**Q** 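Here you go, one structure.
As the structure is a computational prediction, the values presented were derived from the model and not from experiment.
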Amino acid sequence: QVQLVESGGGSAQAGGSLRLSCAAYGYFDSSYCMGWFRQAPGKEREGVAVIDSDGTRTYANSVKGRFTISKDNAKNTLYLQIDSLKPEDTAMYYCAAVRWLLLHHDLMPQSADFRYWGQGTQVTVSS
């Protein structure tokens, strides 16, 4: 069993920054692919940023240049640095993980590809 716990969400002004964290507990190692997804009210859950076990990263087009995903394997922690916040970034952000998934062709994985999920952390951006 793997448990994921997100933190770092909150309210911020447009143009500001936030850093989200996701701590993994239980049986967990660097073989996991991890990612961030978000879901706004009335919309489908979408992939934001993913990093696989080799360190390859994939970003949604809407966040490229503004979001940075990283991980600290020693701490079993995933991060999402969010800069230049926009109101459309407002959503519940979820951390997800799955073993043995490698990224190819800059393709964003789907939420169904991930087995483990956190409860989410809310990000609200005002103009």
**Q** Is the count of non-hydrogen atoms from other residues, nucleotides or ligands lying under 6.0 Å from E44 atom CD greater than 12?
**A**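 Incorrect, the count does not exceed 12.
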**Q** My understanding is that a hydrophobic cluster links ILVMFWY residues whose side chain heavy atoms are under 4.5 Å apart, including indirect links. Using that, what else belongs to the cluster containing I51?
**A**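 I51 clusters with V2, L4, L18, L20, Y27, F28, Y32, M34, W36, V48, Y59, V63, F67, I69, L78, L80, I82, L85, Y93, Y116, V123, V125.
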**Q** Going by the rule ring pair (Phe, Tyr, Trp, His ring centres under 6.0 Å), which residues pair with F114 if we only count those two or more places apart in sequence or in a different chain?
**A**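 Result, ring pair (Phe, Tyr, Trp, His ring centres under 6.0 Å) vs F114: F37.
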**Q** Give me each pair satisfying side-chain hydrogen bond (donor to acceptor under 3.5 Å, both in side chains) with a member in residues 6-16, each pair once, sequence neighbours excluded.
**A**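 Every pair satisfying side-chain hydrogen bond (donor to acceptor under 3.5 Å, both in side chains) with a residue in residues 6-16: Q13-S126.
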**Q** Only pairs under 3.5 Å count here: list side-chain donor-acceptor contacts from residues 94-108, not counting sequence neighbours, and write none if there are none.
**A**
residue, atom, partner, partner atom, Å
R99, NE, S31, OG, 3.0
R99, NH2, S31, OG, 3.1
H104, ND1, L102, O, 3.1
D106, OD2, K64, NZ, 3.4

**Q** Quick check for you: to the nearest 0.5 Å, what is the distance between M92 atom CE and Q122 atom CD?
**A**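 Reported to 0.5 Å precision, the distance equals 4.5 Å.
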**Q** Pairs in or reaching into residues 46-91: which pass disulfide (SG to SG under 2.5 Å), with residues at least two apart or in two chains?
**A** none
**Q** Which value, rounded to the nearest 0.5 Å, describes the distance between D29 atom CG and N76 atom CG?
**A**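 If I round to the nearest 0.5 Å, the distance is 8.0 Å.
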**Q** I need the minimum non-hydrogen distance between P87 and S127, along with the two atoms involved.
**A**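 Scanning both residues, the minimum pair turns out to be CG-CB, 4.1 Å.
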**Q** Under the salt bridge (Lys or Arg N to Asp or Glu O under 4.0 Å) rule, collect the residues that match up with R38, sequence neighbours excluded.
**A** E46, D89
**Q** Enumerate the salt bridge (charged side-chain N to carboxylate O under 4.0 Å, His left out) contacts for residues 67-83, please, sequence neighbours excluded, ordered by first and then second residue.
**A**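 For residues 67-83: none.
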**Q** Once salt bridge (Lys or Arg N to Asp or Glu O under 4.0 Å) is applied, do any residues pair with D54, and if so which ones, sequence neighbours excluded?
**A**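 Partners of D54 under the salt bridge (Lys or Arg N to Asp or Glu O under 4.0 Å) test: none.
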**Q** Provide the full list of disulfide (SG to SG under 2.5 Å) pairs with a residue in residues 25-91, sequence neighbours left out, each pair given once.
**A** none
**Q** Is there a donor-acceptor pair under 3.5 Å between the side chain of R57 and the backbone N or O of G55?
**A** yes
